[in-house]
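Following: one structure in structure tokens, then a few remarks.
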Amino acid sequence: MDYQILADLLFPNVTDTPEMLEEKYPLRSCPEGAVITRMAPSPTGFVHLGNLVQGLISERMAHQSGGVLFLRVEDTDAKREVPGAVEVLIDTLKHYGIEFDEGATHGGDFGDYGPYRQRQRADIYHVFAKKLVSEGKAYPCFCTEEELTAMREKQEANKENFGYYGKYAIWRDRSIADIKAELAASKPWVLRFRSEGSIENQFKFDDVVKGKLTITENDIDHVLLKSDGIPTYHFAHAVDDHLMRTTHVVRGDEWMATLPFHIQLFKALDFRLPKYVHIGPLMKMDGASKRKLSKRKDPELALTFYKAEGFPVEAVYEYIMTLLNSNYEDWRRANPTAPATDFKFSPKKLNPAGNLFDYAKLTDVSKNVIALMDAQKVYTLLTEWAKEFDSDFAEKLTADPAYAKAILAIGRGGKKPRKDLAVWTEAKGYMGFFYDAYLEKPVFDEKFSANTVKTVLAKFLENFNIADDSGVWFDKVKAITEEIGFTTDMKAYKADPSAFPGTVADVSTFIRQAVTGKTNSPDLYTVMQILGYDRTVARIKAVMENL
Ligand code: GLU
């Protein structure tokens with residue numbers, strides 16, 4: 001068959017040539033070794049941890065090599081598209097410090113290698129589709145849904161591999177007359193790749209993450225263009241990543257299954273194959289076994305979850321880095337205050353099997369991250385969070401910023417900063433008692449009589465002087481302890497608790513509960529300093545009245 005005739009028949013309006021496109025999108029002038037990579041999400045509106053992991057890997061690889069990170073939108077499936085989804089993705093990733101150098105933006109496209117939205121690239125795909133047809137490497141297939149279903153059923157019954165291949169590829173070698181007849185009858189068609197591969201053959205392949213692999217050739221004549229002329233992922237991937245001069249394809253390893261076809265396609269198109277960085281899935285423990293994080297079952301897959309919980313962006317970023325590169329934690333210990341971008345990220349260190357997402361570890365990392373922030377920063381982030389998720393608390397925080405910052409400064413700075421907070425949702429429980437509206441009524445340990453508690457509080461008030469330093473203040477607490485027959489000798493108490501009615505710790509707890517409503521609080525002396533004399537006394541008196 002004269003394939004050029006077939007190509008002209010199928011694509012009469014395509015006059016551009018691959019050479020013209022090669023010229024229009026020249027090789028990028030980047031430093032040696034620069035990584036050009038991209039994110040190519042479908043705009044479904046759901047931004048998840050997997051996007052962030054992929055974004056972070058791509059961003060680090062591009063920017064630490066002096067390369068380019070661009071955003072291409074895979075909007076070929078119009079049915080799944082959610083309006084505004086591209087903007088949500090851009091904003092969310094930006095929130096996590098991942099910014100694109102080119103590609104789709106809020107206001108359209110930016111960059112010399114666009115358009116960056118696949119639906120706008122139909123003409124480009126058709127140029128290469130026509131080329132493939134003219135070389136006998138692709139052909140139209142007029143199979144109906146029913147025919148394809150029947151084929152599948154037959155394959156199932158015969159226990160054969162599924163797909164359009166071998167004897168099942170009924171349009172592969174049809175005459176031009178047959179094709180013309182179908183076209184004349186306006187029958188819909190898809191464009192299929194003519195695979196020369198065989199599942200008997202294998203070849204070696206090197207993936208940046210998975211390492212050396214042995215791959216079986218693809219023998220299926222996959223679809224390149226759907227009946228509406230829109231490409232499949234596979235064809236768009238080859239054409240786009242070639243013309244956009246992608247050097248590294250960072251993507252989920254669910255694409256490994258069709259990698260043999262992609263390799264074949266690049267070869268057929270005479271494109272240089274990019275390097276592949278196939279990242280394993282994010283998993284979690286479910287009972288004793290691991291499973292992939294699922295959109296349906298696991299709220300923690302959605303990035304909105306971390307925002308609502310109040311994980312600072314830095315904490316999530318930091319945690320993901322510890323997850324991706326096992327040497328990150330050591331680096332962080334040696335460089336506690338350096339920006340995370342100083343770390344030399346290596347895609348080779350990614351775990352080929354994927355990563356176990358560990359919420360407890362994230363919480364731990366977050367505690368460390370927050371502990372190292374100064375009070376001003378904590379105040380800013382907490383207030384930002386509260387404005388969105390707890391407006392009442394936000395009002396309290398913003399009514400008197402200096403007061404809130406004094407509270408948040410407790411235990412900060414110094415060699416061993418306190419690690420009280422992991423997420424902003426914990427902040428109200430931690431510091432709410434500083435605000436009268438959130439102060440809870442204390443519930444004292446029943447082991448002690450109301451009279452004992454009252455006596456302690458009365459004695460405390462008798463000698464309370466806000467000007468005392470913490471040493472004098474605590475000496476007074478100890479004196480009360482002795483006066484009521486409790487002990488200040490914790491060692492002796494531990495050796496024989498029954499010998500004492502109570503200890504200095506109990507006395508402190510009575511006072512702490514009276515002032516804060518809780519058995520646990522930041523340093524009580526400091527709490528009183530921040531509350532001031534009048535409010536401290538008023539709180540203790542109010543509690544005494546109710547005892
Ligand atoms: N739209 C594809 C996905 O989200 C892109 C894969 C790729 O990066 O090539 O899985």
Side-chain angles (χ1 to χ4, degrees), residues 35-62 67-82 85-90 92-93 98 100-104 113-121 124-125 205 207-210 218 222-224 226 230-266 269 271-282 292-295 301-303 324 347 350 354:
V35 170
I36 314 298
T37 188
R38 81 297 187 271
M39 281 187 81
S42 307
T44 59
F46 178 64
V47 190
H48 54 80
L49 212 51
N51 296 126
L52 184 56
V53 167
Q54 192 210 340
L56 207 147
I57 296 171
S58 318
E59 191 278 338
R60 282 296 75 214
M61 287 179 69
V68 176
L69 175 68
F70 64 88
L71 175 64
R72 180 172 74 227
V73 180
E74 303 221 325
D75 57 359
T76 53
D77 189 353
K79 281 195 293 295
R80 286 180 63 212
E81 188 164 343
V82 171
V86 176
E87 287 73 16
V88 170
L89 183 100
I90 292 172
T92 311
L93 292 176
I98 297 165
F100 297 98
D101 305 303
E102 68 178 54
Y113 290 80
Y116 294 90
R117 299 171 205 242
Q118 290 180 333
R119 278 219 299 278
Q120 295 172 18
R121 299 175 60 79
I124 296 177
Y125 303 122
F205 181 77
D207 184 273
V208 174
V209 181
K210 308 276 179 191
N218 164 60
H222 284 292
V223 173
L224 300 175
K226 294 180 264 187
I230 296 292
T232 55
Y233 166 79
H234 319 293
F235 191 43
H237 156 49
V239 172
D240 292 348
D241 281 318
H242 172 69
L243 289 182
M244 294 178 181
R245 307 301 176 183
T246 303
T247 62
H248 291 67
V249 171
V250 180
R251 65 181 183 186
D253 67 0
E254 64 275 16
W255 294 109
M256 291 294 290
T258 39
L259 177 65
F261 171 43
H262 300 158
I263 295 172
Q264 201 179 19
L265 195 49
F266 272 81
L269 285 160
F271 293 164
R272 187 185 166 155
L273 195 66
K275 288 210 166 18
Y276 283 91
V277 183
H278 280 109
I279 47 188
L282 279 174
K292 273 191 202 181
L293 277 173
S294 114
K295 184 173 170 181
L301 186 58
L303 284 183
L324 297 182
L350 294 173

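All heavy atoms count here, side chains included; hydrogens, waters and symmetry mates do not. Starting from 1, each residue takes its place in the sequence as its number. Ligands are counted one by one from 1 in listed order, and the atoms in each one are counted from 1 as well.
- Tested against His262 for a ring pair (Phe, Tyr, Trp, His ring centres under 6.0 Å), the candidates Tyr233, Phe235, Tyr276 yield a single pass: Tyr233.
- At least one side-chain heavy atom of Leu259 sits under 4.5 Å from a side-chain heavy atom of His278.
- Atom 8 (O) of ligand 1 has Arg38 NH1, 2.9 Å as its closest protein atom, hydrogens excluded (heavy atom only).
- Residue Glu74 has at least one N or O atom closer than 3.5 Å to an N or O atom of ligand 1.
- Side chains of His237 and Thr232 form no contact here, defined as non-hydrogen atoms less than 4.5 Å apart.
- Checking each of Arg121, Glu102, Arg72 against Tyr116 for a side-chain hydrogen bond (donor to acceptor under 3.5 Å, both in side chains) leaves exactly one that passes, namely Glu102.
- Within the structure, the closest approach of His237 to ligand 1 does not fall below 4.0 Å when heavy atoms are considered.
- Heavy-atom proximity to atom 10 (O) of ligand 1, evaluated over Tyr276, Trp255, Tyr233, is greatest for Trp255.
- Counting atoms of ligand 1 from 1 in the listed order, those under 4.0 Å from a heavy atom of Arg251 are 7 (C), 8 (O), 9 (O).
- Classification of Glu81 and Arg117 as a salt-bridged pair fails, no side-chain N sitting under 4.0 Å from a carboxylate O.
- Taking 4.0 Å as the cut-off, Met39 does not count as a neighbour of ligand 1 on heavy-atom distance.
- Of all protein heavy atoms, the one lying nearest to atom 4 (O) of ligand 1 is Ala40 O, 3.9 Å.
- Distances shorter than 4.0 angstrom occur between a heavy atom of Ser42 and an atom of ligand 1.
- Interatomic distance, OG1 of Thr258 versus CG of Leu265, reported as 10.5 Å (0.5 Å rounding).
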